[in-house]
Structure formats: C-alpha cells, structure tokens
*Asks:* 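Here it is, the structure, as structure tokens.
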Amino acid sequence: MGVCSSDERRGLEFDLKTIEALAPDQASLSSASKLTKQSNWPRLEKNEQLALIWGECQGSGSNPYRVVVDTGDHGYKCTCPSRKFPCKHTLALMWIAATAPASFTAAGSTPEWVNDWLGRRRKTAAQPAAPAPGAAGKSIGEAARDDENAAVEDPAAIERREAAQRKRAEDTRSSVSAALDELDQWISDQLRLGLAGFVDNSSDRCRRIAARLVDMKATALAGRIDEIPSRLMGLRSEERPDAAIRELGKLVLLAKAWRSTPDDAELRRLVSTSESREQVLANPDAIQVESIWEVLGEKIETRRDGLVSHSTWLLDLNSAAPQFALLLDYFPASAGRRSNAFTSGDRFDARLVFYPARQPLRALVVERKGDIPSGQWPDFGFDAADPLAAHVACQDTAPWLTDCPVMLPPGAILLDDRGEAWWQSTDDPHGIALPIADTVSPTLLGLDLAATAALWSGSRLHLLAAQSGFGRLDLS
Amino acid sequence: MNEIEQTGLATMRDCWITGGTSFELAPAAWKEFAAGASPDERERRLLAIAAQALEIALRPAAPKTLKRRPPLPELALPMLPERLRPFLRAALKQAADARGKSRVVTLVASRGFVLHPMDWMPAASDQTSPDVYAPWIDWQAGVDGEKHTSREQLTAENWDDFYPAARRTALADMRRTAPAVARQLIETKGSSEPAEVRLALIALMHFGLGVDDVPFLKSLSTDRSGKVRELAGRLLARLGQHGQPGDGGPEDPIAELAAFITEGKSGFIRRRTTYAPAKLKSPAQERRRAELFETCNLVDLAARFGVSESDFIGAWQFGADNNVDILVARMVAASGSDAAVTHMADTLVAEGGKPALFVLHLMPRLDSRRQRVLVRLILKDTQYLGALSLAEGVEAGWLDWADLTNGKTLPALRAAVAGNDDAVKRGVDQLLETLGFLATAAAAEKLIGDVVAAGMAPAAPSLGLLRLNASLAGP
C-alpha cells in the first residue's frame with residue numbers, strides 16, 4: 001500500500017481533463033456542471049497542507065450534502081445517496097477547484113466530519129486515481145454547453161409542458177379522490193370487522209390498502225398507512241386498540257380535509273406527493289426564518305416501502321418560545337447507510353424555509369452561514385401546566401399530525417415496575433408522567449433534566465436532547 | 001372531556017374492538033356531528049372524534065410505583081470541557097476493552113478532569129478507575145437510601161454512612177497515612193461483612209503493609225473464607241512470614257513445587273547455586289507446576305531450598321523457559337517481599353534485553369522511579385515495544401519527548417508507519433495508544449506531528465488518545 005507523505009502531496013489544483021476522466025458518464029458531468037454555481041455551495045474550504053478541499057452542497061434533499069476531496073490522490077467522499085462514483089457533487093467540487101480556486105476559504109483545521117472520513121479511509125494508491133474504464137465519450141465542454149443550452153427554451157415548448165403538467169395534476173387529483181373513497185370504505189370495514197382483528201392482522205391489511213393507494217397516486221398516504229403496524233407493535237398489547245382508533249381516526253380527518261381543499265399544499269404533501277425544493281423556495285407563502293439553530297437529534301427509520309426516512313430535528317435558539325424545524329429526506333434503503341450531514345449538538349447560523357403548513361415544521365436550509373459554539377439553551381420560561389400544551393395546540397390546527405416536537409419543563413426519568421422509563425415533571429411529582437419509547441441509559445436516571453426536547457407520538461416520548469446540570473445530553 | 005363523554009368513549013371503544021356500529025352508544029353531543037350521514041360515514045365521523053379525544057383529553061396513566069434513582073453525585077474534579085469531548089469519545093471508541101478505556105479515564109483524571117457521565121460510567125464492580133469516581137461506583141451499585149458519601153474521616157461509628165466504594169477509597173487513603181488506624185477499622189468492622197467485601201477490605205492492607213499488621217493477618221488464618229485466608233497468607237509472605245509448615249512429604253505443595261525445579265551449580269572457581277525449571281514429561285505436569293506457582297509463596301519456596309528470597313531470585317536462570325519465568329515473576333509480584341521485588345526488578349533491568357520484560361509483571365509493586373526506568377529501557381531498546389502494552393499500574397502522562405528521541409523508537413515507528421505490513425501497522429496502533437497514555441501533552445503533540453509526517457493520516461483513529469492527551473495541555 002502506497003502512502004503519500006505530506007511533502008510529496010500535490011497542490012490543490014485540478015485540471016478539467018482529470019475531472020472528465022474521473023466522471024462515470026456524460027450525464028454526471030452535465031449534472032455537475034449545473035452545480036458549479038457558487039450559490040449551491042454555502043461552504044467551500046480547503047487545507048493546503050493536507051491537500052484537502054471540502055464543501056457543503058445544497059442538493060435536492062433537506063440536508064446539505066457534505067463533500068470532501070483529497071487533491072493528492074483524488075480520493076473523495078460525499079454524503080449523497082447516489083450510486084455513481086464519483087457523484088455529481090464531488091465532480092462539481094473538483095470543477096470549482098479547477099475553474100475558481102479562489103472560491104475556497106483556507107481553513108486551519110478540518111471539520112469533524114472530514115476527520116471522520118480521513119480516519120476511516122485506507123489509501124490504496126500513491127498515485128492519483130486512474131481514469132475509469134469507459135472514460136471515452138465524455139466531454140466536459142459538452143457538459144458546459146448542455147447547461148447553457150438548457151437555459152434557452154422555446155415558449156411553445158413551455159406552454160406544452162405546462163399544459164401537460166396541468167393535465168397530470170388534474171388526473172392525479174381525481175385518482176387521489178377515488179383513492180380516498182377506497183380508504184374510507186376500508187376504514188369502515190375495519191370498524192365493522194373489529195379492531196382486535198385489525199391489530200392482529202394490521203401488517204397484511206395495511207399492506208393491501210397501501211398498495212391500492214400507491215396505484216391511485218396517494219403515495220404519501222400509502223407510506224403512512226404502511227407504517228401503522230410498526231407503530232402499533234411498538235406499544236403494549238392493551239394500548240394497541242386505542243392507538244388503532246387514533247391512527248384510523250386521523251386518516252379520516254386527513255381525507256376529509258383534503259376533500260375540502262385538495263389544492264392545499266400541506267394536505268397534498270401528506271396525501272400524494274411533496275413539492276420540490278425549487279417549488280418551496282419559489283412559494284411566497286413559505287416562511288423563511290433566519291436564526292441560530294441547534295441540531296437536537298435525528299431519527300433514521302427504514303420504512304416498509306423500501307425507503308429510509310432521515311429526520312433531523314432543529315431548535316431555534318433565538319426564539320422566546322421553543323420553535324422546531326424538521327429536515328426530512330428519503331432515500332432508498334438499497335443505497336446503504338448514509339453519512340450524517342449534521343452531528344447532534346451542532347449549532348449554526350442559517351436561513352431556513354418552511355414548507356407551508358398549519359404548523360410549519362418541515363424545512364429546507366436555504367443558506368447556511370457559519371458554525372456557532374455550543375452552550376445552554378435559552379430559558380423558555382415554562383409556564384404551561386400541561387407539558388404537552390404545544391402538542392395540544394398542534395392538534396387543534398392539524399389533527400392529522402402524529403409526531404409533535406415538545407420542549408418539556410424541568411423533570412427527571414423514572415422507572416416503573418416493568419423497568420420501563422417515564423418522564424415526570426419535577427414540579428409535579430405526582431402528576432402527569434409520559435412513557436418513553438426507547439430504553440434509556442441507566443445514567444440518565446440520576447440526572448435532573450432542566451429542559452428536554454422530545455417527540456410526542458400520542459402515546460410515547462422519543463427523547464432527542466436535554467439540558468442538565470451535566471450540560472447538554474444527546475438522547476436521540 | 002366530561003364523564004358522560006368518557007363513559008361513551010369507553011363503550012364505543014369496546015364496540016369497535018369486537019366489531020359493530022357504535023352510533024347508539026355515542027354521547028349525545030358527538031351524535032350531533034354524526035347524525036344525518038350514512039351508517040358508514042357516521043361511524044367514521046365518530047371515529048375521528050374519538051381519535052382526537054384519545055389524543056388530547058386522555059393521557060397514559062402513570063403507575064403509582066414509579067421509582068426515582070438518587071441524583072448522580074457530583075465528583076470532586078471538574079468535568080472535561082465540552083470542546084474536548086469529541087477527542088475523548090474518539091479515544092474511548094478506539095480503546096478496545098475495559099482496560100483501554102480505564103487508561104483513557106486515568107489519563108484524564110491525571111490532568112484534573114472527570115468524564116461526562118453520558119460518555120463513560122464506571123461499572124458497579126469497578127476497582128481500577130481513579131478514586132475520584134468512587135461516588136459514581138456506589139451510585140451504580142444501586143444502594144438506595146439516603147446515605148451520603150461523606151468526606152469526613154471514616155470511623156467505626158460512621159462506617160455504615162459510607163457506601164462501599166467511598167469506604168474503600170477512604171480506607172486506602174488511611175492505610176497510606178495512618179495504617180494502624182485503618183487496620184483497626186478493618187479488624188473491627190470487617191468481620192461482620194460478607195466474604196466478598198471482607199476480601200476487598202483485606203486487599204487494601206497492601207497499602208502501607210508493615211510488621212505491625214502481622215498479628216491481625218495471622219488471626220485471619222482461621223477466617224471462614226478460603227480466599228481471605230489465601231490473601232492473608234500472601235500478605236504475610238510479603239512480610240517474610242512463612243505459611244503453615246508442610247510435612248515435606250508428597251502432599252506438601254512446596255515440596256511438590258521444589259521437585260519441579262532443578263538445583264544446579266555454575267562457575268569454575270566460585271561455584272554458585274542455580275535454579276532452573278526441571279524438564280517435565282507431560283503437559284499435565286506443566287499444568288500442575290503452573291498451579292503450584294500460583295498458590296505457593298516465594299518465601300516458603302526459597303526456604304525449602306534453604307536460601308533467602310533475594311538469593312533464590314538471583315540464582316534463578318531467567319531465559320531457560322519463558323513460561324516458567326513468567327510464573328516466577330508472578331509469584332514474586334504476589335508474595336515476594338518489597339526487597340525481593342526491587343531486587344528482581346533492579347537485577348533484570350540492569351541485565352536488559354528480554355529478561356527485563358519479566359519486570360513488567362512486577363509493575364504494580366514498583367515505585368514510579370523504577371516503573372519509568374523500565375519503560376524507558378523498553379523504548380530505548382525498541383526490540384520489544386509491543387510488551388509496553390502489558391504494563392499495569394504505571395502512572396499516566398510523564399513520558400517526555402527526550403525519552404522517545406533517546407533511542408531507536410521514533411525511527412522504528414516512522415518505518416512501520418511508512419511500510420506496507422498490516423501486522424506491523426496494528427502493532428503501531430497499539431504502541432501509539434500506549435504512548436498516548438504515557439506521554440506528556442507536549443510529547444503527545446510532537447509524536448502526532450512525527451507520525452503524520454511519516455505518512456499516517458492526521459485523523460487516524462489510533463492517534464485518538466494522543467490527540468486527547470495533547471488537547472489536555474492546559475488552558
């Protein structure tokens with residue numbers, strides 16, 4: 001195994017021929033070309049001593065993709081789920097290095113995620129990577145021209161495309177409407193047949209109706225119904241009938257709401273498909289919030305439909321009352337484990353745009369400015385008697401929602417006779433207690449929690465993070 | 001939700017569980033919302049109302065038996081600063097086992113910090129982590145109640161006010177400063193403790209062990225626990241006290257062990273006695289010899305040959321059989337007097353080479369000066385660098401850059417880092433971890449720069465402990 005010593009390392013320069021040779025195909029080059037605009041890259045940094053360049057590219061997902069390239073041996077890593085190697089983000093980073101090296105800010109130290117990659121990688125060649133087989137037929141010039149040509153479109157073609165879009169939207173709406181009729185009938189059948197049987201056979205029954213809904217373009221709703229069995233199975237058997245009532249009742253409410261306003265962006269997102277990043281950014285109703293955000297934690301779940309949902313929860317540190325944001329991405333489980341874009345506890349200055357909703361939660365990072373040192377959370381002055389007051393308010397406006405982020409007042413974690421954990425308020429030791437979904441670290445049982453950020457699912461708390469006398473606790 | 005609605009919801013719920021229509025069972029106010037629709041639609045509307053009622057108005061009933069653990073005590077040292085926790089987590093992740101993690105914890109404590117409890121907690125049975133963690137060990141042991149880990153002087157009167165780990169720490173401190181007082185406490189209170197606790201208390205006698213302890217240790221020869229009797233015998237042996245005299249027959253373990261040792265003569269002019277392992281005929285005999293070395297005391301074995309401990313060690317032919325040499329070193333560590341231990345260490349270190357490595361087994365009983373001499377010798381020699389990881393009980397954070405440059409250690413490390421041999425690289429990783437524990441902050445920083453310049457990735461996980469060490473340089 002060859003190893004480059006630092007004095008043997010090459011400079012940070014890239015030439016376009018190398019990028020052309022590394023690209024897996026022409027399409028990747030064309031896509032990379034579109035990403036070379038600096039506005040796509042809130043962070044571009046380099047360390048000449050280590051011969052590294054890295055950056056964060058705002059792709060189609062909610063989380064920015066993190067890309068690092070070793071300019072010495074052309075090793076690279078990107079957090080995107082692409083199965084092309086190198087991906088378009090990596091190629092774009094190299095392209096910027098080749099054409100606009102001054103865009104990179106010199107950094108004295110490497111961020112933790114770059115260190116992680118450096119620590120894990122094994123260098124396999126002292127020489128830069130050789131061109132991939134099949135390099136012929138790729139042209140970086142052509143890729144750049146594609147980009148320029150794409151900017152000019154025939155007005156008639158635009159008209160035709162928009163008409164086709166309108167037609168597709170109309171078709172989707174009538175198909176979804178029919179899907180909701182089927183869903184209604186299915187719910188009635190479950191009530192007639194008995195929820196005891198539904199709970200026992202929820203896996204098969206939900207799978208069947210979910211498949212029908214997918215066929216009828218109610219894709220998002222299908223995904224939600226597919227997850228009902230695992231949500232039920234996460235509870236004790238005596239709790240499942242009540243949970244089934246809640247799950248099915250919320251579906252009824254969602255279907256009714258959609259029928260009354262099928263063009264509502266939030267309802268369309270929950271029933272059929274979500275808007276693209278560009279549509280959210282272009283939407284004047286989408287609220288934008290510039291603030292200091294802390295990454296509370298993340299939840300990565302493999303769904304029955306083969307997708308992995310990656311939720312990253314953020315807390316607005318400039319808000320007087322607890323305000324949250326959710327960065328949500330989906331990627332195929334077959335793409336393997338994806339590297340995290342954020343680490344729990346990270347703080348950064350950023351502008352977020354929220355998907356329009358009655359309770360805006362899901363968001364995209366529009367612009368990320370810089371990292372902020374960690375510290376205490378603001379004093380949220382918990383005055384509500386009910387620690388789930390935020391959840392209740394959320395349900396008032398959007399009763400179809402399941403998980404709701406809450407900031408709990410001072411409390412502690414206690415165990416019941418079965419060894420299951422509960423959160424209980426310090427000020428009300430004999431009052432409300434909330435069961436916790438996951439097993440907790442035994443150490444947590446001895447800590448006083450000054451504030452706890454969690455998701456309330458209607459029956460269980462999923463802990464994200466807390467502040468305690470021992471500082472910030474990562475609980476996700 | 002009022003009582004009528006709660007009752008209505010309960011009956012509707014029961015109806016839906018078994019299957020059927022619940023409209024007639026619904027509270028009047030809910031019926032109003034559902035009335036006028038088809039039977040299916042009525043049920044769905046009631047389902048939606050019930051769902052919201054369950055979501056908002058009802059909460060999981062908390063069991064009355066919820067139990068709160070006592071708060072985790074604060075420790076006497078400050079918490080490792082937040083900015084250093086990533087380094088710490090990386091070092092802990094890289095530490096392969098509990099021993100490796102214990103070294104990380106010891107290094108941090110030597111720089112005046114304790115770990116965050118969510119990063120690491122000592123086990124309830126932990127007896128190797130720094131004393132500062134005693135309150136957490138007691139907390140882990142789950143002794144409920146209102147006892148407090150007092151920092152007052154431990155006495156017979158407040159004995160029960162101390163949790164076990166805090167008591168052990170207090171007794172160990174007391175043995176160093178006032179051994180007689182500590183012994184009297186162990187004597188007074190230990191007898192009423194269970195065998196396991198008694199054993200741990202007697203083990204503390206090795207701090208400040210002296211001839212004044214002999215009567216008490218002898219009195220333990222009638223203890224009901226075999227392990228306590230054996231430990232007391234070892235401590236007495238360290239004080240030069242012979243164990244129960246054997247009859248010298250085939251059942252006498254000392255005689256049996258002596259039979260596995262060959263006594264010889266060497267030298268032409270000044271004939272001197274030598275002891276070497278006898279050639280055995282079967283693995284069963286080898287196993288038996290190993291067992292006997294584990295249980296017999298040095299002073300008794302030396303007496304069997306009619307010589308002093310130091311004379312026996314001086315006459316032992318180190319190098320004849322590696323495995324038996326290790327057994328001898330372990331026996332000396334367990335039951336040799338302080339003089340015998342230092343004699344063996346000084347002799348073998350002076351000799352250098354491979355025999356010096358047997359001194360590693362004596363480390364916990366050596367003073368820090370001798371420990372450092374041995375570590376420096378191994379580093380300077382470089383032939384057995386891997387053996388360093390076996391060193392137990394060595395202080396953290398004292399190895400200077402000069403100790404690393406005074407020999408062939410650095411060139412050997414650089415060559416291994418730049419080489420292609422994976423097995424050698426694994427050895428490098430282990431050595432870097434050991435040096436991460438031993439080095440001063442300045443030496444750790446320089447060593448990182450050196451191996452990175454030699455081609456190691458700057459963020460290589462094996463540099464984890466060195467990075468933590470370097471970051472703990474001070475404000």
Side-chain angles (χ1 to χ4, degrees), chain A residues 1 3-6 50 110 112 114-119 121 123 184-185 187-188 191-197 241-242 245-250 252-253 256 374 388 392 395 399 412 414-417 422 424 432-435 441-448 458-459 469-474, chain B residues 12-13 15-22 39-41 43-52 54-56 58-63 65-74 79 82-83 86 90 116-118 121 139-140 417-420 422 452-461 463-464:
Chain A
M1 188 178 69
V3 176
C4 285
S5 67
S6 60
L50 299 174
T110 46
E112 202 56 35
V114 172
N115 288 341
D116 278 352
W117 175 70
L118 288 173
R121 76 182 295 228
K123 294 196 173 196
D184 272 352
Q185 189 53 53
I187 291 171
S188 296
L191 294 177
R192 202 168 26 252
L193 294 168
L195 292 180
D242 280 356
I245 291 172
R246 282 204 311 270
E247 295 284 354
L248 299 181
K250 281 172 184 289
V252 171
L253 285 164
K256 286 191 182 307
S374 60
L388 292 180
V392 172
Q395 290 294 319
L414 295 82
L415 289 183
D416 65 16
D417 284 344
W422 296 68
Q424 192 167 51
I432 190 169
L434 305 172
S441 156
T443 306
L444 198 55
L445 302 173
L447 304 184
D448 286 316
S459 51
F470 287 92
R472 186 189 186 280
L473 308 175
D474 177 18
Chain B
M12 288 165 68
R13 176 184 173 277
C15 169
W16 281 329
I17 287 174
T18 50
T21 53
S22 66
D40 277 356
E41 176 60 15
E43 291 301 309
R44 285 195 296 270
R45 287 184 187 181
L46 289 173
L47 180 71
I49 298 170
Q52 277 311 89
L54 286 170
E55 182 81 39
I56 291 172
L58 296 183
R59 296 286 160 77
T65 52
L66 282 182
K67 206 168 180 184
R68 173 122 203 238
R69 291 289 322 270
L72 187 70
E74 278 197 36
M79 199 75 64
E82 191 66 28
R83 68 186 166 81
H116 193 286
M118 296 298 273
M121 276 292 280
W139 187 87
Q140 285 280 63
V417 166
N420 295 327
D422 279 354
V452 167
M456 182 168 272
L463 294 176

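Numbered from 1 within each chain, the chains take letters A, B, ... in sequence-line order.
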*Asks:* Are the side chain of B/Arg68 and the backbone of A/Ala412 linked by a donor-acceptor contact shorter than 3.5 Å?
*Replies:* no
*Asks:* Need one label for B/Glu82: side chain, backbone, both or neither, based on atoms under 4.5 Å from any heavy atom in chain A.
*Replies:* side chain
*Asks:* Output the distance between atom NZ (A/Lys250) and atom CD (B/Gln52), rounded to the nearest 0.5 Å.
*Replies:* 5.0 Å
*Asks:* What part of B/Thr18 gets within 4.5 angstrom of chain A, counting heavy atoms only: side chain, backbone, both, or neither?
*Replies:* backbone
*Asks:* Is it the backbone or the side chain of B/Ala460 that comes under 4.5 Å from a heavy atom of chain A, or both, or neither?
*Replies:* backbone
*Asks:* Most heavy-atom pairs under 4.5 angstrom with chain A, which of B/Met118, B/Arg44, B/His116?
*Replies:* B/Arg44
*Asks:* Hey, could you give me the CG/CG distance between B/Leu46 and A/Leu191, rounded to the nearest 0.5 Å?
*Replies:* 9.5 Å
*Asks:* Contact between B/Asp40 and A/Gln185 at the side-chain level, heavy atoms closer than 4.5 Å - yes or no?
*Replies:* yes
*Asks:* Evaluate the side-chain proximity of A/Asp242 to B/Arg13: yes if any heavy-atom separation is below 4.5 Å, no if none is.
*Replies:* yes
*Asks:* If we only count heavy atoms from C-beta on, is the A/Pro399 to B/Glu55 side-chain gap below 4.5 Å?
*Replies:* no
*Asks:* I'd like to know which of A/Asp417, A/Leu193, A/Val114 tops the heavy-atom pair count under 4.5 Å against chain B.
*Replies:* A/Asp417
*Asks:* Distance check, rounded to the nearest 0.5 Å: A/Ser188 atom OG versus B/Glu43 atom CD?
*Replies:* 8.0 Å
*Asks:* Check B/Ala51 against A/Gly249 and note the closest heavy-atom contact, atom names and distance.
*Replies:* CB-CA, 3.6 Å
*Asks:* Given a strict heavy-atom distance threshold of 4.5 Å, which part of A/Ile187 is in contact with chain B: side chain, backbone, both, or neither?
*Replies:* side chain
*Asks:* Go through it in stages, so that I can follow the logic: the residues are A/Phe470 and B/Met79, the test is side-chain contact (heavy atoms from CB on, under 4.5 Å), and I'd like the CA-CA distance, side-chain angles, deciding distance and then a yes or no.
*Replies:* CA-CA 8 Å; A/Phe470 287 92; B/Met79 199 75 64; 2.9 Å; yes
*Asks:* Look at A/Leu388, A/Asp474, A/Thr110 and state which one has the largest set of heavy-atom pairs under 4.5 Å with chain B.
*Replies:* A/Leu388
*Asks:* What part of A/Ile245 is in contact with chain B, defined as an atom under 4.5 angstrom from a non-hydrogen atom: side chain, backbone, both or neither?
*Replies:* both
*Asks:* With only heavy atoms counted, which part of A/Glu247 is less than 4.5 Å from chain B, the side chain, the backbone, both or neither?
*Replies:* neither
*Asks:* With heavy-atom distances below 4.5 Å as the criterion, would you say the side chains of B/Pro63 and A/Trp422 are in contact?
*Replies:* yes
*Asks:* Pick one of side chain, backbone, both or neither for A/Ser459, based on which atoms fall under 4.5 Å of a heavy atom in chain B.
*Replies:* backbone
*Asks:* Let me know which of A/Asp448, A/Leu445, A/Thr443, A/Leu444 forms a side-chain contact (heavy atoms from CB on, under 4.5 Å) with B/Leu72.
*Replies:* A/Thr443
